[in-house]
Amino acid sequence: MAAAMIWLPWSLLLLSLMCQTSAFYVPGVAPINFHQNDPVEIKAVKLTSSRTQLPYEYYSLPFCQPSKITYKAENLGEVLRGDRIVNTPFQVLMNSEKKCEVLCSQSSKPVTLTVEQSRLVAERITEDYYVHLIADNLPVATRLELYSNRDSDDKKKEKDVQFEHGYRLGFTDVNKIYLHNHLSFILYYHREDMEEDQEHTYRVVRFEVIPQSIKLEDLKADEKSSCTLPEGTNSSPQEIDPTKENQLYFTYSVHWEESDIKWASRWDTYLTMSDVQIHWFSIINSVVVVFFLSGILSMIIIRTLRKDIANYNKEDDIEDTMEESGWKLVHGDVFRPPQYPMILSSLLGSGIQLFCMILIVIFVAMLGMLSPSSRGALMTTACFLFMFMGVFGGFSAGRLYRTLKGHRWKKGAFCTATLYPGVVFGICFILNCFIWGKHSSGAVPFPTMVALLCMWFGISLPLVYLGYYFGFRKQPYDNPVRTNQIPRQIPEQRWYMNRFVGILMAGILPFGAMFIELFFIFSAIWENQFYYLFGFLFLVFIILVVSCSQISIVMVYFQLCAEDYRWWWRNFLVSGGSAFYVLVYAIFYFVNKLDIVEFIPSLLYFGYTALMVLSFWLLTGTIGFYAAYMFVRKIYAAVKID
């Protein structure tokens with residue numbers, strides 16, 4: 001209890017520091033200054049849907065195209081996310097209004113969608129697809145005004161303004177499908193302070209859109225590509241009949257407004273899209289509960305250990321020594337090498353590689369260097385860091401393999417470099433084949449796949465071999481007791497010492513510390529939300545490391561007290577028990593939060609979830625294993641062994 005009370009103020013102090021860092025971010029690129037009537041380019045990113053999880057590029061649908069289509073050169077993270085940034089025919093000039101402009105205008109004739117195109121558009125609308133555009137690297141958002149007052153008689157209702165990413169492609173009503181064919185762009189600019197003789201410069205600080213569906217007959221277009229919008233709400237929406245050809249206009253209007261928001265704060269609108277009160281409360285709750293329980297566990301195990309060591313070191317009481325029981329009895333077998341030491345050391349090496357990569361990525365992101373404005377930067381950084389952390393993974397695996405009396409270091413190094421990455425690459429390749437079949441932009445192109453293989457075998461593999469070589473040559477871990485030649489017989493174990501029961505018991509505390517954060521991460525991955533609370537995530541990661549370490553120590557202590565010395569594999573599996581709860585939560589999230597019904601989206605969800613669970617098991621298992629190994633070496637060094 002005393003330890004918990006000591007931890008509590010420190011944890012709250014750390015939390016207050018995290019509060020300040022969680023909302024801080026570097027905007028990413030240098031600001032672009034526009035003069036009056038300078039062109040502001042509108043680009044398309046992709047089409048997304050949380051129902052199908054399959055992104056498509058913008059021109060996969062029959063939108064109006066410019067005379068020359070130009071795709072932006074993308075980084076690795078953007079390609080893996082399915083972004084295909086391309087120019088559009090929207091003509092937007094800085095601080096210049098447009099009432100109504102027709103796209104694809106050929107002598108004011110409407111666009112004709114073929115039956116096949118109509119069917120495709122209708123299918124995308126029914127699948128709840130959103131269109132994502134950007135202007136000056138700012139994503140477009142749709143404003144949602146929610147009334148927070150419950151009293152319906154109150155005329156002064158408070159508006160709760162929220163924004164959703166992109167805009168809906170269309171909507172359905174009474175089994176009819178309607179397309180949003182008119183876009184009202186609302187762009188906000190900040191006027192920069194200049195000297196009197198200089199021309200004013202402007203910076204784009206917000207990009208909103210109001211999508212509308214307006215029937216062909218209600219839009220009046222002239223020869224100059226201008227159009228007239230219907231007044232009021234008298235217009236009918238533009239229906240898309242998938243069984244026949246459809247005629248319509250694609251139109252847009254532009255409205256500029258001055259804003260007090262400065263360029264450095266322009267992303268705040270997009271990053272405050274949900275109420276964070278629950279987030280704050282949950283994080284504080286997790287900190288208090290975890291450190292409180294950790295304090296109790298520490299008190300119990302330290303007191304028990306002191307008592308055990310004091311009893312074992314009594315030399316005057318010969319009878320007690322003769323009838324000793326517990327963890328001292330297995331001192332001659334506790335460091336006996338386990339089965340499959342090469343596979344164990346390889347998995348732990350990959351776990352170290354993951355740990356280093358995740359720690360650096362979260363820390364750098366917390367400092368604001370991987371903001372959402374730098375598209376794909378997070379994923380690109382994670383991929384490259386995992387490759388370069390191979391030297392640390394190889395070193396730790398090589399040293400552990402030698403400690404476990406291994407001799408074939410070259411085979412061990414190859415196993416470390418290929419076992420976990422090979423499983424990841426294999427699952428991703430199979431899933432990629434299904435995405436290719438759907439012609440989605442989420443499919444990784446063949447040149448990118450070759451580049452990833454070159455990074456794997458050209459960077460990661462040599463670095464793992466280098467680290468493994470030096471780790472294997474280094475002095476192995478010094479075990480404090482000798483191992484007997486003949487293995488000791490293990491007594492029959494109680495039901496609660498079963499491996500699966502251990503996984504259930506060991507996983508609940510680390511999972512309880514992070515499941516709220518898991519909800520936000522899942523929302524970012526599967527519902528196209530921005531995730532930026534890396535200060536919170538760093539705090540949760542520290543809590544996860546502490547809780548995994550302590551639970552692992554408790555579990556290995558109980559196992560050794562039961563005179564079962566086969567702790568190597570068991571501890572690695574049991575320490576990763578929270579991965580089982582992550583899997584259960586992922587199934588719960590799929591059933592309750594997502595509206596996925598088709599086979600391929602479901603396959604993608606569970607395929608990527610399997611990778612997530614495997615990686616999380618490696619991470620938490622490695623943390624727990626090394627904590628338990630240090631603990632076992634410490635306690636056996638503290639007792640006198642004849």
Side-chain angles (χ1 to χ4, degrees), residues 297-298 300-309 311-313 320-345 347-348 351 400 403-406 477 479-510 547-580 617 620-642:
L297 290 173
S298 302
I300 292 170
I301 206 152
I302 288 169
R303 280 186 179 182
T304 311
L305 267 177
R306 280 180 180 169
K307 192 176 176 182
D308 286 349
I309 291 168
N311 288 336
Y312 290 153
N313 288 341
D320 286 356
T321 309
M322 295 293 290
E323 296 175 4
E324 65 182 16
S325 63
W327 53 269
K328 189 185 176 185
L329 276 179
V330 294
H331 67 83
D333 297 277
V334 70
F335 295 110
R336 187 178 301 282
Q339 286 185 311
Y340 314 114
M342 184 184 292
I343 297 175
L344 178 64
S345 59
L347 291 173
L348 287 165
L400 183 65
T403 306
L404 299 178
K405 306 292 189 290
Y477 294 112
N479 295 329
V481 290
R482 291 192 302 271
T483 302
N484 296 336
Q485 290 185 347
I486 302 171
R488 178 187 174 86
Q489 189 174 359
I490 299 169
E492 188 177 345
Q493 300 294 303
R494 298 286 183 91
W495 65 270
Y496 53 80
M497 295 304 296
N498 181 277
R499 191 171 295 173
F500 185 69
V501 175
I503 287 172
L504 291 179
M505 289 194 296
I508 191 71
L509 184 61
S547 56
C548 277
S549 302
Q550 295 205 331
I551 284 291
S552 171
I553 288 168
V554 171
M555 297 304 288
V556 78
Y557 175 74
F558 285 143
Q559 183 179 353
L560 295 177
C561 285
E563 300 176 25
D564 183 359
Y565 55 82
R566 298 171 302 181
W567 64 273
W568 304 86
W569 273 107
R570 178 189 165 91
N571 190 261
F572 181 48
L573 292 169
V574 166
S575 299
S578 49
F580 172 75
W617 168 65
T620 51
T622 301
I623 293 167
F625 176 86
Y626 277 101
Y629 191 29
M630 289 168 61
F631 170 76
V632 171
R633 288 170 60 201
K634 199 82 174 170
I635 63 170
Y636 281 98
V639 294
K640 297 175 183 176
I641 306 294
D642 296 332

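Note that this is a predicted model, so its numbers are computed, not measured.
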| If you measure from CZ on Phe625 to CG on Leu573, what distance do you get to the nearest 0.5 Å? |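 These two atoms lie 11.5 Å from each other.
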
| To the nearest 0.5 Å, how far apart are CZ in Arg570 and CG in Asp564? |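 One gets 6.5 Å once the value is rounded to the nearest 0.5 Å.
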
Can you name the nearest heavy-atom pair linking [X] to [Y], along with the distance?
X: Asn571; Y: Gly624; answer: OD1-O, 3.3 Å
X: Ala627; Y: Ile553; answer: O-CG1, 4.0 Å
X: Ile623; Y: Ser549; answer: CG2-OG, 3.6 Å
X: Ala628; Y: Val556; answer: CB-CG1, 4.0 Å

| message | So for atom OH, which belongs to Tyr340, do other residues, nucleotides or ligands contribute more than 12 heavy atoms lying within a distance under 6.0 Å? | response |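 Atom OH in Tyr340 is not packed in, count stays at 12 or less.
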
| How would you list, by chain and number, every residue that makes a side chain to side chain contact (heavy atoms under 4.5 Å, CB included) with Leu347, sequence neighbours excluded? |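 By the side chain to side chain contact (heavy atoms under 4.5 Å, CB included) rule, Leu347 matches Ile343, Leu419, Trp569, Phe572, Trp617, Leu618.
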
| task | Please test Asn479 against Val334 for side-chain contact (heavy atoms from CB on, under 4.5 Å), starting from the C-alpha separation and ending with a verdict. | result | CA-CA 10 Å; Asn479 295 329; Val334 70; over 6 Å; no

| Under the side chain to side chain donor-acceptor pair (under 3.5 Å) test, which residues partner Tyr626, sequence neighbours left out? |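 Partners of Tyr626 under the side chain to side chain donor-acceptor pair (under 3.5 Å) test: none.
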
Please examine the side chains of [Y] and [X], heavy atoms only from C-beta on, and report whether any two atoms are closer than 4.5 Å.
X: Arg566; Y: Gln339; answer: no
X: Ser575; Y: Cys548; answer: no
X: Leu404; Y: Pro338; answer: yes

| request: Please list, chain by chain and in numerical order, all residues satisfying ring-ring contact (aromatic ring centres under 6.0 Å, His included) with Phe335, sequence neighbours excluded. | output: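 ring-ring contact (aromatic ring centres under 6.0 Å, His included) check on Phe335 returns nothing, list empty.
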
| query | Is a donor on one side and an acceptor on the other found under 3.5 Å between the side chain of Trp568 and the backbone of Arg336? | reply |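 Yes: the side chain of Trp568 pairs with the backbone of Arg336.
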
| query | Which residue, Tyr629, Tyr636, Phe631, forms the side-chain contact (heavy atoms from CB on, under 4.5 Å) with Arg633? | reply |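 The residue from Tyr629, Tyr636, Phe631 that satisfies side-chain contact (heavy atoms from CB on, under 4.5 Å) with Arg633 turns out to be Tyr629.
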
